[in-house]
Amino acid sequence: MSSAIIETNGLTRSYGDICALKPLDLLVPEGEWLSVMGHSGSGKSTLMNLVGGLDRPTSGTLRVGGEELLALNEDGLARFRREFVGIIFQQHHLVPYLTAVENVMMAQYFHSVPDEAEARHALERVGLGHRLKNRPGELSGGEQQRVCIARAIINSPKLLLGDEPTGNLDNKSTVMVMELLKELRAEERFTVIMVTHNQEVAAWGDRTIHLDDGVLVREDRLKVEGKAG
Amino acid sequence: MAILYKLIPHLLSWLGILLVLLRGFPVRRTVVTVTGISGFLLGVAGALLLFRAFQGATPFWIIKSSLGVGFLCLWGVSVATVYCSTGRGAMLLWGERFATGSLSAGAVTGITAIVAGAVSACKIPGADGNALAYMALVLSACALTGLAPLLEKLLPASFKVSPSGMLATLVALLLFSSSSILRLDLFSPLSMKVMKGIHDFVHQFMESILIPDHLFVRPVVWKYIGFLFGKEVGFWGGIVIWFTPAILIALAIHFERLPSVAHIRQGAQRRRLLAAAIRERRYRLFIPALALLIFAAAAYQSSFPSVEYWDPKPLPVTATPSGEIIIPKRGEVDLEDGKLHKYIFKQGEREARFFVLMNPAGELTVDLDACAICKPDGYGQAEGTVICYYCKTLIPLETVGKPGGCNPVPVPFAERGEGVVIDSMTLINSWGATVKATVRAKEGAK
Ligand SMILES: Nc1ncnc2c1ncn2[C@@H]1O[C@H](COP(=O)(O)OP(=O)(O)O)[C@@H](O)[C@H]1O
Ligand SMILES: [Mg+2]
């Protein structure tokens, strides 16, 4: 039995009157690939932001990687984000006037110190060895998202969060990105939580949870060989 | 209580010394506090004994020498630190081990505390008669020693003290403490030495190439050579010598090799270690930077001492038709009160400044308000001395009236009846000759 990397109890997040996330109990074992589905506004991004330390819950407990995020102050939370999580969004959030390598080096800089050779190697790993010096505007959507993956994994996170990373991509690019993530996960052994609208994308995971109006309504275990046994 | 106010810089230095020592020897807190306060008391007592055993300037000279030795040590250590940081690490390792032992904690603390105590004691005038002031000093020092460990706990953890940085700060604090005591001040004499050194060197150089300097060198050239003789050169030369050790230590830290992390395969972990090492190195730079700041404060105090001098405005005097200047002993001023009395005499374009002073032996003296070697910035009077404003040399009152060095140039005079009589031509000529020589020597011929 592997230990849980994420453990929530009665996790709630409301914005004023709107309750984006109703009390949620969720257990994610270390190494799992969890897909999160649900229609728009069902609280998927809210959950991701909480787990990634970008937002604080209204109530409940939230343990990630053995740390109670509610107990951390801003510095602690920043350190947690820096050391523990990698995030990929639907919008790529790359700096438009920096090259691919420089965008990756930014992440190194905020983590510790930049190391160009390592950043270049990371881009080679995501198959962009030939686009190192290109700016985001000169890259296709799939390539941009691969830069984001390189950026997200450069600091060896234990937890990789994707908030509809393939939402803007065509089928071919989507498959490439998912294959890449699968490969990287096999090497680096991080836990993946992937928000998606797409049934096929969700099928890459070990388990899918469905949110509706902030409530966990259904859970499918898709693969038997998942680590969570 | 005015004396307590005067002791503030010294007590502040003492607190700083304790904080730095406590941080520098983190596992030797008891040794530092106990040795510290005993050393300080010993220093105060030692200074008192010196004052009792020796007359005049000797006790100051002894304490000042110990400060000088400390400064030289700092120079040595700073050069060694630079040497070690270039990769010859064995000595550094040895030094680090030595620097954390309780023996060295005791030794460093003891020596620093003794000097700090002795310096503080020098601030109190009248060696023995001031028991109350000594009590105040000792009690405040004890109180600060009790307070220091608590304050030290409040300092941020990132405030790290390396052995060489500690030495720099300790020496800087001692020099800061001594810089407000004229007779212990190191910076002004240092810059004067530099100035004299350059002055002599230029003359020697001129002689060596067989150019009689004052006669044949063109005024234009003098403008440049004269700069070398100026006070500014001495000042800046002094500043360089003053600041270099702390700068060297800072550079050594800045260029220190980072730990080798190449063997760590995971990039994030490797970079994390590297970043931590860089951050730690940056934190350690704080201490030499602090030392630099304190050195600057000491140099400032030395250049603009807050001591108040007796410095009366020169009273204009005139000569009789026969060319005599007559100053009554008990007119507007009492010439025999032991204070400096300045006068200015004008004759057409020419003028001369002089003063009348009764020395401790009870003899009246008349002297130019200028010496034979410095620019004629004049003199002020402090306790037991007059000071040349230009080179900050202290002339004991006993030797005023004797020629030589930076002593005020004596003027022949006669005591007649109830007055002092000076020949105005002699005065004017003497002033003219003195000032012409010094101005040319210092600034170059016009
Ligand atoms: N910053 C916010 N302020 C107010 N309401 C918000 C905020 N962020 C999200 N919401 C609301 O919370 C609900 C869940 O949002 P979200 O988690 O972004 O849904 P999803 O990502 O599943 O589409 C929505 O009703 C949304 O309007
Ligand atoms: Mg969303």
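Counting non-hydrogen atoms of other residues, nucleotides and ligands closer than 6.0 Å to NZ of B:Lys160 gives a total above 12. The environment of A:Glu200 atom CD is sparse: at most 12 non-hydrogen atoms of other residues, nucleotides or ligands sit within 6.0 angstrom.
For a heavy-atom cut-off of 4.5 Å, chain B lies close to A:Glu118 in residues 117-136 of chain A. For a heavy-atom cut-off of 4.5 Å, chain B lies close to A:Glu83, A:Gln108, A:His111 in residues 81-111 of chain A.
Neither the backbone nor the side chain of B:Leu273 comes within less than 4.5 Å of any heavy atom in chain A. Contact of B:Arg270 with chain A is made through the side chain alone, with heavy-atom distances under 4.5 Å.
Across B:Arg271 and A:Asp115, no two heavy atoms sit closer than the pair CD-CB, 3.8 Å.
Here the CD atom belonging to B:Gln269 is positioned 12.5 Å from the CG atom belonging to A:Asn155, to the nearest 0.5 angstrom.
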